[in-house]
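All remarks here apply to the structure that follows.
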Amino acid sequence: MRKERILWADDEIELLKPHIIFLENKGYELDTVNNGYDAIDQVEDSSYDLVILDENMPGISGLETLQKIKEISPSVPVVMITKSEEENIMNQAIGAKIADYLIKPVNPNQIFLSIKKNVHINEIISETNISGFQQDFGKISSLINDASSFEDWCEIYKKIVYWEIEFDRVDAGLEEMLRMQKSEANAAFSKFIKRNYEKWMSDDNHPLFSNELFVKKIFPILDSGEKVCMIVIDNFRFDQWKTIMPIIDQYFSIEEEMYCSILPTATQYSRNAIFSGLMPDKISKMFPELWVDEDEDEGKNINESPLIQTIFDRYRKRYSFSYNKINDSSYADKILQNISSIDKNDINIFVLNFIDMLSHARTESKMIRELAPSESAYRALTKTWLEHTSTISLIKKLAQNDVKVIITTDHGTIRVENPVKVVGDKETNTNLRYKCGKNLNYNPKQVYEIKNPQSIGLPALNISTKYVFATNKDFFAYPNNYNYYASYFRDTFQHGGISMEEMLIPFVILTPKRK
């Protein structure tokens with residue numbers, strides 16, 4: 001078994017023999033030098049897992065040595081030891097990306113702990129994760145079997161997402177086990193939705209739905225006299241939120257919850273329900289000029305700003321608002337340049353389309369599939385998008401203002417695997433996770449079937465219109481050219497149906513931290 005190699009540079013290295021023997025007895029191989037020049041030569045000639053560096057050495061200082069070592073081997077962790085507690089030296093060392101900073105006198109256990117933190121961190125996290133997940137696996141399975149409420153399913157999904165993100169950080173070899181448990185959970189969740197969704201429509205004891213966000217969450221904030229910025233990220237899942245949360249946490253205090261996207265989990269339905277405060281059948285009846293039917297060619301979300309005005313009018317709210325749809329960074333830059341003008345509004349609404357564009361591009365582009373071959377990579381791209389686009393500049397700008405920021409979405413998305421045959425006429429919609437039409441043929445055991453659309457708040461094009469929804473990782477494919485389309489769409493991200501990823505979605509309230 002390979003021993004970890006450590007280089008220790010200190011002009012009093014002979015006095016540190018007991019420390020060196022202690023570390024050798026712990027299984028480390030140590031090389032020692034008594035000046036910075038020799039330390040640099042050693043790093044050039046050999047590979048080390050960690051360097052221990054005295055700050056105050058004759059000839060060339062520890063800080064200068066540190067800089068040279070980082071030029072030669074940027075990834076090697078360097079632990080700096082010094083007699084000085086001067087803040088300036090600490091700042092320079094930290095700025096040069098040291099791994100740890102210890103002040104003399106140090107005992108062997110301090111050194112040992114620093115080595116453990118910097119050399120064995122992934123191994124320790126992996127071992128901890130394996131033990132923790134093995135304990136949690138049984139608990140999650142019991143929760144799946146016993147879940148009887150929407151809140152139960154939120155807790156199950158949160159636990160699964162927690163482990164997904166932990167396994168993103170360190171490979172514990174348990175990802176397949178977690179994936180199977182998530183599939184088991186989604187199958188049970190789909191049964192739960194089938195049993196309860198239609199009943200919820202006439203029951204006051206139901207989860208918070210898309211059409212209730214403004215009345216139950218946003219209007220109370222506005223009514224209390226606070227300004228609101230609402231950021232709706234299309235196609236944004238809870239696991240993606242948890243991936244970017246550490247970035248947001250630098251600037252805001254966070255209140256996090258979930259709500260339930262209505263069916264279909266598609267923009268035409270769920271986002272229009274958010275902005276109008278109405279279920280889709282009510283929108284189509286009360287504002288037919290603002291509703292776009294499935295069989296019409298125009299965009300399904302072209303009337304969002306007028307729909308927002310309708311909810312303000314119905315509830316006699318006189319708040320000023322702006323609606324901004326951001327499709328690219330150039331438009332985001334324009335918003336940032338004019339932030340002072342829209343800042344005068346009571347509520348500013350931003351719809352960000354990047355995640356939605358990413359999921360569609362991944363279906364159509366082999367290059368994007370290569371960039372995001374897995375769920376983990378898909379989350380990583382989400383983080384990269386936030387960190388390196390104008391979105392983070394907007395977040396920082398809002399953190400400087402006296403405003404409540406809401407981050408949410410209209411629905412999530414799921415990576416599909418299993419094709420299910422469905423037959424429809426030429427007027428049937430093209431979405432792969434739900435179908436709407438009058439002449440649909442399918443296996444009822446494989447779908448959630450709604451013969452009376454109005455029972456779940458959906459419009460019907462005619463008296464025989466049905467809706468069917470895919471569950472778990474299924475997607476709909478027509479028998480014509482079945483094998484081609486089954487292969488083409490397998491392993492793509494889709495939405496419109498029933499899964500935890502699509503329906504259990506984040507609603508986050510951010511309050512700027514006072515610096």
Side-chain angles (χ1 to χ4, degrees), residues 1 4 26-27 109 112-193 195-196 207 236-249 254-260 373-380 382-383 412-415 417 471-473 498-508:
M1 185 176 177
E4 284 80 10
K26 289 291 184 181
N109 273 316
F112 181 52
L113 179 60
S114 186
I115 294 170
K116 294 279 277 187
K117 282 194 302 183
N118 292 290
V119 175
H120 304 287
I121 184 68
N122 288 344
E123 180 185 325
I124 292 168
I125 291 173
S126 181
E127 289 173 359
T128 303
N129 277 346
I130 290 170
S131 174
F133 179 65
Q134 286 172 338
Q135 293 177 32
D136 245 13
F137 183 83
K139 293 178 184 177
I140 294 171
S141 293
S142 296
L143 288 172
I144 292 169
N145 292 331
D146 297 338
S148 60
S149 68
F150 179 78
E151 290 73 23
D152 289 342
W153 281 107
C154 289
E155 287 306 308
I156 290 166
Y157 187 39
K158 284 178 182 178
K159 285 182 177 292
I160 290 171
V161 166
Y162 169 81
W163 286 113
E164 284 181 323
I165 292 173
E166 284 296 298
F167 294 159
D168 286 350
R169 294 166 55 208
V170 178
D171 181 9
L174 297 171
E175 290 80 2
E176 180 62 19
M177 192 174 175
L178 178 61
R179 189 192 69 79
M180 291 174 64
Q181 187 168 57
K182 186 177 181 181
S183 184
E184 174 197 345
N186 258 328
F189 176 74
S190 297
K191 292 177 182 177
F192 171 76
I193 292 297
R195 287 195 305 269
N196 292 283
F236 186 57
R237 303 192 315 199
F238 183 73
D239 61 326
Q240 291 171 301
W241 155 247
K242 296 301 282 187
T243 300
I244 68 167
M245 188 178 78
I247 302 170
I248 306 295
D249 185 55
I254 297 171
E255 299 173 55
E256 172 193 282
E257 60 183 283
M258 288 184 188
Y259 81 94
C260 185
S374 64
E375 300 271 8
S376 177
Y378 191 59
R379 287 187 285 271
T382 304
K383 184 180 179 184
T413 185
I414 186 168
R415 190 177 174 193
E417 293 178 357
T471 62
N472 204 349
K473 288 181 171 287
I498 298 170
S499 67
M500 296 183 297
E501 293 97 315
E502 291 163 290
M503 296 186 74
L504 307 184
I505 49 181
F507 184 88
V508 183

Does Asp239 use its side chain to pair, donor to acceptor, with the backbone of Glu164 at less than 3.5 Å? no

Counting N and O atoms only, with roles assigned by atom type, does the side chain of Asn118 sit under 3.5 Å from a partner on the main chain of Ser114, one being a donor and the other an acceptor? yes

Out of Gln240, Arg237, Arg415, which one pairs with Glu375 under the side-chain hydrogen bond (donor to acceptor under 3.5 Å, both in side chains) rule? Arg237

Any non-hydrogen side-chain atom of Phe137 less than 4.5 Å from a side-chain atom of Gln181? yes

Distance-only, no hydrogens or angles: does the Asp152 side chain make a donor-acceptor pair with backbone N or O of Ser149 under 3.5 Å? yes

Is the number of heavy atoms from other residues, nucleotides or ligands within 6.0 Å of NZ (Lys159) greater than 12? no

Does a side-chain heavy-atom distance below 4.5 Å link Ser499 with Glu502? yes

Salt bridge check: are Glu501 and Lys182 linked by an N-O gap of less than 4.0 Å? yes

Can you find a heavy atom in the side chain of Thr382 that is under 4.5 Å from one in the side chain of Trp241? no

How are the rings of Phe192 and Trp153 set relative to one another: parallel (under 30°), tilted (30 to 60°) or perpendicular (over 60°)? tilted

Cation-pi geometry met for Lys26 and Phe112 (6.0 Å, 45°): yes

Hey, can you tell me if Phe238 and Tyr157 have their rings parallel, tilted or perpendicular (30° and 60° cut-offs)? tilted

